[in-house]
Amino acid sequence: TGTLTEGASISSNATQIASSKDFIYVKNTGSTDLLVTLDNSNYLIVLSEGEAFASQISTSADVRIKTSSGTTTVDYYTTT
């Protein structure tokens with residue numbers, strides 16, 4: 001069973017959205033670029049307005065999201 005979160009407000013402070021999960025889906029529903037890390041250090045994924053990312057991940061992944069400045073909104077789904 002997974003968890004869907006819709007319309008979450010994200011700022012430049014990192015927000016953990018997955019730990020001990022093996023699947024993640026994130027969609028940027030706002031207008032500010034969203035940065036995504038799978039290891040809590042390297043923000044290598046950038047999602048612009050309307051873009052999404054989905055992947056099977058290791059249960060040891062520490063998925064966090066943030067903006068470089070300002071706020072945006074996201075929908076995300078996680079499951080094991």
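The structure displayed is predicted, hence computed values, not measured ones. Values below: every heavy atom of this structure, side chains too, minus hydrogens, waters and symmetry copies.
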Is the cationic atom of Lys66 (NZ for Lys, CZ for Arg) positioned less than 6.0 Å from the six-membered ring centroid of Tyr43 and within 45 degrees of its normal?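 The answer is yes, since Lys66 meets both limits relative to Tyr43.
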
How far does [atom1] of [X] sit from [atom2] of [Y], to the nearest 0.5 angstrom?
| X | Y | atom1 | atom2 | answer |
| --- | --- | --- | --- | --- |
| Ile45 | Asp33 | CD1 | CG | 13.5 Å |
| Tyr76 | Ile24 | OH | CD1 | 8.0 Å |
| Ser68 | Leu35 | OG | CG | 5.5 Å |
| Thr37 | Asn42 | OG1 | CG | 6.0 Å |
| Tyr77 | Glu6 | OH | CD | 12.5 Å |
| Leu34 | Ser48 | CG | OG | 9.5 Å |

Can you find a pair of side-chain heavy atoms, one from [X] and one from [Y], that are under 4.5 Å apart?
| X | Y | value |
| --- | --- | --- |
| Leu47 | Val36 | yes |
| Thr72 | Ser31 | no |
| Gln16 | Asp62 | yes |

Heavy-atom donor-acceptor pair, Ser55 side chain to Ile57 backbone, under 3.5 Å: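 Between the backbone of Ile57 and the side chain of Ser55 there is no qualifying donor-acceptor contact (under 3.5 Å).
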
When you measure from the side chain of Asn28 to the backbone N and O of Gly30, does any donor-acceptor pair fall under 3.5 Å?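 Present.
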
Taking all atoms of both residues into account, what is the closest heavy-atom pair of [X] and [Y], and its distance?
| X | Y | answer |
| --- | --- | --- |
| Thr73 | Gly7 | CG2-O, 4.3 Å |
| Lys27 | Gly50 | CE-O, 3.6 Å |
| Thr32 | Thr71 | OG1-O, 3.0 Å |

Would you say Leu44 ends up clustered with Val26 if hydrophobic residues are merged whenever their side chains have heavy atoms under 4.5 Å apart, either directly or through other cluster members?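 Result: no, two separate clusters.
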
Do Ile65 and Phe53 share a hydrophobic cluster, counting only Ile, Leu, Val, Met, Phe, Trp and Tyr and linking them when any side-chain heavy atoms are less than 4.5 Å apart?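 They do share one cluster, since a chain of ILVMFWY contacts under 4.5 Å joins Ile65 to Phe53.
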
